[in-house]
There are 2 protein chains.
Amino acid sequence: MPKKNPNKNNSVTLKEVAAELGVSAMTVSRAVNNSPNVDSKTKKRILEKAKKMGYTPNLVAKSLVSSKTYTVGVVIPEISHSFFPDVVRGIEEVVDSKAYQILLTNTSDNFEKEKKVIEALKAKRVDGMLISSSLMTDNFSYYKELIKSGMPIVFFDRCIENIGASCIKVNDQAASQQITEHLINLGYKKIGYLSGPKKVSIGKARFDGFNIAMIKNGLPVDDKLIIENGYNEKGGYDAMKKLLKLPAKDRPRAVVAVNDPVAFGAMDAIKDANLRIPEDIAIVGFTNDIRANLVTPPLTTVNQPAYELGKKAASKLIDTIQEKGDLVENVELITNLVVRESCGSLLYK
Amino acid sequence: MPKKNPNKNNSVTLKEVAAELGVSAMTVSRAVNNSPNVDSKTKKRILEKAKKMGYTPNLVAKSLVSSKTYTVGVVIPEISHSFFPDVVRGIEEVVDSKAYQILLTNTSDNFEKEKKVIEALKAKRVDGMLISSSLMTDNFSYYKELIKSGMPIVFFDRCIENIGASCIKVNDQAASQQITEHLINLGYKKIGYLSGPKKVSIGKARFDGFNIAMIKNGLPVDDKLIIENGYNEKGGYDAMKKLLKLPAKDRPRAVVAVNDPVAFGAMDAIKDANLRIPEDIAIVGFTNDIRANLVTPPLTTVNQPAYELGKKAASKLIDTIQEKGDLVENVELITNLVVRESCGSLLYK
DNA sequence: ATTCAAAATGTTAACGCTAACATTTTGAAT
DNA sequence: ATTCAAAATGTTAGCGTTAACATTTTGAAT
């Protein structure tokens, strides 16, 4: 068992390779970094010796010199469902191709934790951050300062717009309006809305879209039919339960959910109440979660290109880090309505 | 627009705070690190000034001194499906509670990329690594050297056992045997197997379990009914297609898939061939993917506690890093058979 | 007032690397 | 053989921090 000082790693340094060969550390540095002006024989000797000694460059030291870590922070509100993993896959792919890596952090939709992890990422001197924020709309100062400090930031999906950072997202409001109008066109009039917290960007945008659709079509927006809760299955289940407690005649005939997990939870609540989807209550979601076409009945939803969103956000961040192109940009990726069975229809009956 | 040198970050240093206050950098260091022997008034002055100046400690420099990064590398073969995101959630939770963060890397099940990312993680001087390896069973030397170098490693799910690193996984072989015997007990005799590459630990273990079950029950293992392919939906689809090309009388009456995604792909292939599950071909999986109870028919599978597996692996790694407890340990988490409808039954017909 | 240990603060060097500059070596042209 | 620019190699200092040791200040006990 090789003894070792617990606080010191025992890895080989440039200097040790240099000493072994009787050259200077600088020459070794040049050799391992493919710098010019190194004799090819010297280089060969050095690389061989370095390999034999198990030399691995110390990027911590290198970062201290260069002020670059080739690491980007990724801040997401949850890891498990299908949307964020797909986004992360897109991010990873782009970032890896540019020789960066990602420090992944999860905020559990908690702004205090969000601030905490961002401070940690700052301390670790990431070259930039990709953030899907759980931030309240009334507290931008934190991010304004972060951006002012020069940290490259790209928001994605849950954006804070127009405070100096780029934003990659989908046309939440328009898509939400579109799917609501789809229900309206199918003949539904009494439509409820299962919202996430409206202080989150997507919460507000999607709710606005719902409202616009209703108003534009002369339908009443009934506050009793709008329930705000979390962005996950449990949030949807509990919200729907509340709607179902209303007297039958007051209940919505159709429901728009802020995202698919909420819709799934709501569907469970509807089934638990022994009601049928869509015959008793129709429902639509937003995300096109991996489960959307598997639930019973399959969920009508808005397809959000998660993987592409991740790729685009990562490209934009790396461009920002490398100061290429227009620095600040708001990008809206295209969504499309995916009509399945959960929305049913009131026509031709 | 604040001008800045692209290669220098403009963050405030200890020394700058010190100069501003006319004290030494060391005193500032002590103040911000809560070291003893700092006058409480001095400390207060320093902390206030540091805050006002926007000081954030530079962990890169700190790491260079301490040889600790409070970062662990996580190496997984894919990001998108339900199993690994759940594992990562477990990892993140534990690691965060100990003030570590994770550098997440994706190998796409490619051993060359696996080596590449591990080299990058070494260069970044992570304090340890959590690895789910796509490694060939005949090439342990790479990992043996990595472990010998003193890098704390914990394998999870796809382990390389008994080469000096801990391993957290489920009882793959026994569980695979159990689910195969479940099929046998339901009356199936002609059973096929959709395998992942057997050079991956779980590939071999699960296949062994299948074989043991067959042999123990006096059933023939027919090589033509065993197809090896990838661990994902497409792998399962293509593998099943091959089985379906057999003359009807040679086809398996039931199929064991190495994991749920492979089972999902196979189910699509079966449906595309206009056959019924389980009436024409029964099928079982392994994982208890989030989709397993949603597909039609719901998939009989082995529940693998992904989140707990992630938590356990992370705890073990941090214990190893901090040199607590027995260093090397093989842990098998408990699985349970989840019987749904895809396995059907040949009994009482 | 003096003493002196404890508390507070300061100085130096080192972590591993590379930019910037300095020196030595090489080898083609005379 | 000498010259001298180009190529190869070396030296120094600094990135931001802290461990280890050095010095100064404090204040209770005399």
Side-chain angles (χ1 to χ4, degrees), chain A residues 4-47 49-50 53-70 122-127, chain B residues 4-47 49-50 53-70 122-127:
Chain A
K4 63 171 183 156
N5 180 330
N7 281 332
K8 292 290 154 199
N9 64 47
N10 43 11
S11 49
V12 180
T13 67
L14 275 187
K15 213 184 286 182
E16 287 166 10
V17 177
E20 197 80 8
L21 251 37
V23 298
S24 74
M26 200 58 225
T27 301
V28 179
S29 170
R30 282 189 267 251
V32 300
N33 287 291
N34 273 310
S35 301
N37 298 337
V38 182
D39 188 87
S40 60
K41 277 164 206 155
T42 311
K43 187 164 171 179
K44 191 163 170 250
R45 269 170 65 220
I46 290 175
L47 293 182
K49 180 64 84 176
M53 293 177 73
Y55 172 74
T56 308
N58 185 329
L59 255 48
V60 174
K62 208 164 173 167
S63 293
L64 185 57
V65 174
S66 66
S67 296
K68 283 185 285 188
T69 55
Y70 285 94
K122 269 167 68 177
K124 289 191 178 173
R125 295 297 189 266
V126 293
D127 293 341
Chain B
K4 63 173 180 152
N5 181 327
N7 280 331
K8 293 286 155 200
N9 63 48
N10 44 10
S11 48
V12 180
T13 68
L14 275 187
K15 215 183 285 184
E16 288 166 10
V17 177
E20 197 80 7
L21 250 36
V23 298
S24 74
M26 200 58 225
T27 301
V28 179
S29 171
R30 282 189 269 250
V32 299
N33 288 291
N34 272 311
S35 302
N37 298 337
V38 183
D39 187 85
S40 60
K41 279 164 204 154
T42 311
K43 187 166 171 178
K44 191 163 167 253
R45 271 171 62 221
I46 290 174
L47 293 183
K49 178 65 82 176
M53 294 176 72
Y55 172 74
T56 308
N58 185 328
L59 255 48
V60 174
K62 207 165 174 167
S63 293
L64 184 59
V65 174
S66 66
S67 296
K68 282 186 286 189
T69 55
Y70 285 94
K122 269 167 69 177
K124 289 191 178 173
R125 295 298 190 265
V126 294
D127 293 341

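Convention: sequence-line order gives letters A, B, ...; per-chain numbering from 1. All figures in this text were calculated on a predicted structure; none of them were measured in a lab.
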With a 4.0 Å cut-off on heavy atoms, is B/Val23 in touch with a base, just the backbone sugar-phosphate, or nothing at all? sugar-phosphate
Would you tabulate the side-chain donor-acceptor contacts of residues 25-38 of chain B under 3.5 Å, counting partners in other chains and residues two or more places apart, or write 'none'?
| from | atom 1 | to | atom 2 | distance (Å) |
| --- | --- | --- | --- | --- |
| B/Thr27 | OG1 | B/Ser24 | OG | 3.2 |
| B/Asn33 | OD1 | B/Lys62 | NZ | 2.9 |
| B/Asn33 | ND2 | B/Ser29 | O | 2.7 |
| B/Asn34 | OD1 | B/Lys43 | NZ | 2.8 |

A/Lys62 side-chain N/O to C/dT18 phosphate OP1/OP2 under 4.0 Å: yes
Looking at every heavy atom in both A/Glu16 and A/Met53, which two are closest together, and how far apart are they? O-CE, 3.9 Å
Whole angstrom value for the distance that separates P of C/dA14 from CG of A/Asn58: 18 Å
Where the side chain of B/Leu14 is defined as all heavy atoms beyond and including C-beta, which of C/dT18, D/dC15, D/dT18 is the nearest nucleotide? D/dT18
By side-chain hydrogen bond (donor to acceptor under 3.5 Å, both in side chains), A/Ser63 pairs with (sequence neighbours left out) none
Whole Å only: how far is the CG atom of A/Leu21 from the P atom of D/dA8? 17 Å
Starting at NZ of B/Lys68 and ending at C1' of C/dC15, how long is that distance when rounded to a whole Å? 14 Å
Categorize A/Ser63 for me: base, sugar-phosphate, or nothing, with a 4.0 angstrom heavy-atom threshold over every strand shown. nothing
So which protein N/O to nucleotides 19-24 of chain C N/O distances come out below 3.5 Å?
none

Round to a whole Å and report the spacing from NZ of B/Lys43 to C1' of C/dT9. 15 Å
Please report the interatomic distance OG(A/Ser66) to CG(A/Asp127), rounded to the nearest 0.5 Å. 8.0 Å
Just checking A/Thr13: base, sugar-phosphate only, or nothing, at a heavy-atom cut-off of under 4.0 Å? sugar-phosphate
Among D/dG10, C/dT18, D/dG16, which is the nearest nucleotide to the side chain of A/Thr27? D/dG10
Just by distance, do the side chain of B/Lys124 and the backbone of B/Thr69 share a donor-acceptor pair under 3.5 Å? no
Over how many whole Å does the gap from A/Arg45 atom CZ to D/dA8 atom C1' extend? 13 Å
Any chance you could measure A/Thr42, atom OG1, to A/Leu47, atom CG, to the nearest 0.5 Å? 10.5 Å
Take atom NZ of B/Lys41 and atom P of D/dT26, then tell me their distance rounded to the nearest Å. 11 Å
Please list, chain by chain and in numerical order, all residues satisfying ring-ring contact (aromatic ring centres under 6.0 Å, His included) with B/Tyr55, sequence neighbours excluded. none
Of A/Pro57 and B/Gly22, the one whose closest DNA chain C nucleotide lies more 5': B/Gly22
Measuring to OP1 and OP2 of D/dT17, would you say a side-chain N or O of B/Ser29 lies under 4.0 angstrom away? no
In what stems does DNA chain C take part, counting only runs of at least 3 consecutive Watson-Crick or G-U pairs whose two distances fall under 3.5 Å? C:1-30 with D:1-30
Considering all heavy atoms, the nearest B/Val23-B/Ile46 contact: CG2-CD1, 4.4 Å
Does the side chain of B/Thr42 get closer than 4.0 angstrom to OP1 or OP2 of C/dT9 through an N or O atom? yes
Do you know which two heavy atoms are closest between B/Leu21 and B/Lys49, and how far apart they sit? CD1-CE, 3.3 Å
Any A/Ser66 side-chain N or O less than 4.0 Å from OP1/OP2 of D/dC15: no
Nearest-angstrom distance from the residue atom NZ of A/Lys15 to C1' of C/dA14: 8 Å
Closest to the 5' end of DNA chain C, once B/Ala61 and B/Ala25 are matched to their nearest nucleotides, is B/Ala25
How long is the line joining OH of A/Tyr55 and C1' of C/dG16, in whole Å? 8 Å
For DNA chain D, the residues among residues 31-39 of chain A that have a non-hydrogen atom under 4.0 Å from it: A/Asn37, A/Val38, A/Asp39
Can you see which heavy atom on B/Val60 is nearest to which on A/Arg125, and at what distance? CG2-CB, 3.9 Å
